[in-house]
Amino acid sequence: MIKTVSISDVGRVRTVNEDSTWVGKLENGYTLAIVADGMGGHQAGDTASRLTVETLVEQLSSLPAGLSASECGEKLREAILRSNKIVFKEASEHEEYRSMGTTVVAVLIGEREGMIGHIGDSRVYKFSQGTMVQLTDDHSLVNELLKNKQISQQEAHVHPHRNVVTRALGTDPEVVVDMYPVTLEVGDILLLCSDGLSNYVTLEQMTHMLGSDALTLNDRADRMLQYALNAGGDDNISVVLLEDCEEAGLSAKEWNS
């Protein structure tokens, strides 16, 4: 079974949490996890992320059971594109929402196989057998500079434009969704997070916390959130964890927006 936990915090500087998250098991048997990091300021950013999460949950709750991983991926992509149209329409029709948008990273998984859909710089990591790997590729200015070898990894961490995304949901009528297959084995953990976590908690720190058998899944999420807060916390912080485990347990479903 897959255990889940979700936590989101406004941080130490912002007055509004523009992140929205959702995680849980849908009635059709799939596990769905979402992190959306809104942009556009008060009302606009949190509206964009909330609409995205609501649309994804609604669209994917009606799927038939027993779809293959590739079929799940196509349905997830369609749901994200549907979210894009809804957010873009709202931004076009209401002055207070003009230019709003959001990142989105979502995982739709059956028993152990599924797909990731991704736009922006929110991330998915996979922890497996003591190793942490980033599964998504940021759509950000800093990542483009890194790939073109114009800046170093050290410079990326302190770059003044490290929060600038090159692709977002809802800012244009059409958008491209990156899709990644994902498979879980017993003991594996998926981490979905906004950049409020990944900009302040290192890969080594994430690996250490997720690998601590002394901590519950909730404790690990809380510990990572506290690390980000202690490192400055000048952005909204969202953490979603999914763990493939054999023992029986309850799935925690939370909504944060």
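Atom set for the values below is all heavy atoms of this structure, side chains included, hydrogens, waters and symmetry mates excluded. Position 1 is the first residue of the sequence, and the numbers go up from there.
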Next on the checklist: Using only atom types and a distance under 3.5 Å, with no angle test, would you say the side chain of Arg12 pairs donor to acceptor with the backbone of Leu229?
Outcome noted: yes
Next on the checklist: Test your reading of the model: is there a side-chain donor-acceptor pair from Lys126 to the backbone of Leu184, 3.5 Å cut-off?
Outcome noted: no
Next on the checklist: Taking atom CZ as the centre, does Arg223 end up with more than 12 heavy-atom neighbours from other residues, nucleotides or ligands that are less than 6.0 angstrom away?
Outcome noted: no
Item to check | Leu135/Leu190 under side-chain contact (heavy atoms from CB on, under 4.5 Å): CA gap, chis, key distance, verdict | outcome: CA-CA 10 Å; Leu135 300 183; Leu190 291 182; 4.2 Å; yes
Next on the checklist: Hydrophobic cluster membership, with links at side-chain heavy-atom distances under 4.5 Å among I/L/V/M/F/W/Y: are Val35 and Val10 in one?
Outcome noted: no
Checklist entry - Under 3.5 Å, is there a donor-acceptor pair between the side chain of Asn28 and the main chain of Ser61? => result yes
Next on the checklist: Tell me which one of Val16, Asp19, Val13 satisfies side chain to side chain contact (heavy atoms under 4.5 Å, CB included) with Asn236.
Outcome noted: Asp19
Item to check | Side chain Tyr200, main chain Asp195, donor-acceptor under 3.5 Å | outcome: no
Checklist entry - When rounded to the nearest 0.5 angstrom, what is the spacing between CD in Glu90 and CE in Met100? => result 5.5 Å
Item to check | Main-chain N/O of Ser20 paired with Arg50 side-chain donor or acceptor, under 3.5 Å | outcome: no
Checklist entry - side chain to side chain donor-acceptor pair (under 3.5 Å) between Thr21 and Ser6: does it pass, once the steps are laid out? => result CA-CA 7 Å; Thr21 72; Ser6 172; 2.8 Å; yes
Checklist entry - Can you list the steps and then say if Val124 with His118 is a side-chain contact (heavy atoms from CB on, under 4.5 Å)? => result CA-CA 9 Å; Val124 177; His118 172 242; over 6 Å; no
Checklist entry - Tyr180 and Val23: same hydrophobic cluster, using ILVMFWY side-chain contacts below 4.5 Å? => result yes
Checklist outcome for this item: Closest non-hydrogen contact found for Ser8 with Ser238 is OG-OG, 2.7 Å
Checklist entry - Is there a donor-acceptor pair under 3.5 Å between the side chain of Asp46 and the backbone N or O of Gln43? => result yes
Next on the checklist: Are the side chains of Asp138 and Arg123 in contact, using a 4.5 Å heavy-atom criterion?
Outcome noted: yes
Item to check | Taking every non-hydrogen atom, the tightest pair across Ile116 and Thr136 | outcome: CG2-CG2, 4.0 Å
Checklist entry - Looking at Ala221 and Val5, what are the two nearest heavy atoms and their distance? => result CB-CG1, 4.1 Å
Next on the checklist: If you count heavy atoms of other groups shown closer than 6.0 angstrom to CD of Glu71, is the number above 12?
Outcome noted: yes
Checklist outcome for this item: Output for pair (Ser62 OG, Leu26 CG), nearest 0.5 Å, gives 9.5 Å
Next on the checklist: Any salt bridge linking Glu174 with Lys85? Criterion: basic side-chain nitrogen under 4.0 Å from a carboxylate oxygen.
Outcome noted: yes
Item to check | Exercise: identify the closest heavy-atom pair between Val53 and Ala36 | outcome: CG2-CB, 4.2 Å
Item to check | hydrophobic_cluster_shared for Leu56 and Leu67, side chain cutoff 4.5 Å | outcome: yes
Checklist entry - Quick one: does Ser83's side chain have a donor or acceptor within less than 3.5 Å of a partner on Ala79's backbone? => result yes
Next on the checklist: For a side-chain contact (heavy atoms from CB on, under 4.5 Å) check, start with the C-alpha distance between Leu60 and Tyr30, then their side-chain angles and the critical distance, and finish with the verdict.
Outcome noted: CA-CA 9 Å; Leu60 298 172; Tyr30 305 105; over 6 Å; no
Item to check | Leu191: which of Val240, Leu197, Leu242 passes side chain to side chain contact (heavy atoms under 4.5 Å, CB included) | outcome: Leu197
Item to check | Contact summary for Ser99 and Thr171, nearest pair of heavy atoms | outcome: O-CG2, 4.3 Å
Next on the checklist: Working note: Thr103 + Asp121, criterion side chain to side chain donor-acceptor pair (under 3.5 Å); need CA distance, chi angles, decisive distance, verdict.
Outcome noted: CA-CA 7 Å; Thr103 72; Asp121 63 354; 4.8 Å; no
Checklist outcome for this item: d(Thr216 OG1, Glu243 CD) to nearest 0.5 Å is 9.5 Å
Checklist entry - Are Met206 and Leu225 joined in one hydrophobic group, where the rule is that I, L, V, M, F, W and Y side chains link up if heavy atoms are under 4.5 Å apart? => result yes
Checklist entry - Looking at CG of Leu203 and CZ of Phe127, how far apart are the two atoms once the value is rounded to the nearest 0.5 Å? => result 10.5 Å
Item to check | Check: Arg167 side chain, Val176 main-chain N or O, donor-acceptor pair, under 3.5 Å | outcome: yes
Item to check | Nearest-0.5 Å distance that lies between atom CG in Asp188 and atom OG1 in Thr183 | outcome: 9.0 Å
Checklist entry - Checking Arg220 side chain against Leu215 main chain: does a donor-acceptor pair fall under 3.5 Å? => result yes
Item to check | Between CD1 on residue Ile7 and CE on residue Met224, distance to nearest 0.5 Å | outcome: 10.0 Å
Checklist entry - Run the side-chain contact (heavy atoms from CB on, under 4.5 Å) check on Met209 and Val201 step by step: do they pass? => result CA-CA 11 Å; Met209 283 178 277; Val201 181; 3.9 Å; yes
Next on the checklist: Please check this pair: side chain of Thr31 against backbone of Lys25, looking for a donor-acceptor N/O pair closer than 3.5 Å.
Outcome noted: no
Item to check | Val186 side chain reached by Arg112 side chain, heavy atoms, under 4.5 Å | outcome: yes
Item to check | Ser194/Asp235 under side chain to side chain donor-acceptor pair (under 3.5 Å): CA gap, chis, key distance, verdict | outcome: CA-CA 9 Å; Ser194 60; Asp235 200 353; over 6 Å; no
Checklist outcome for this item: Which of Val165, Val175, Thr52 passes side chain to side chain contact (heavy atoms under 4.5 Å, CB included) with Ile119? It is Val175
Next on the checklist: Can you give me the closest heavy-atom contact between Thr207 and Gly130, atom names plus distance?
Outcome noted: CG2-O, 3.5 Å
Checklist entry - Under a 4.5 Å side-chain heavy-atom rule over Ile, Leu, Val, Met, Phe, Trp and Tyr, are Phe88 and Leu51 clustered together? => result no
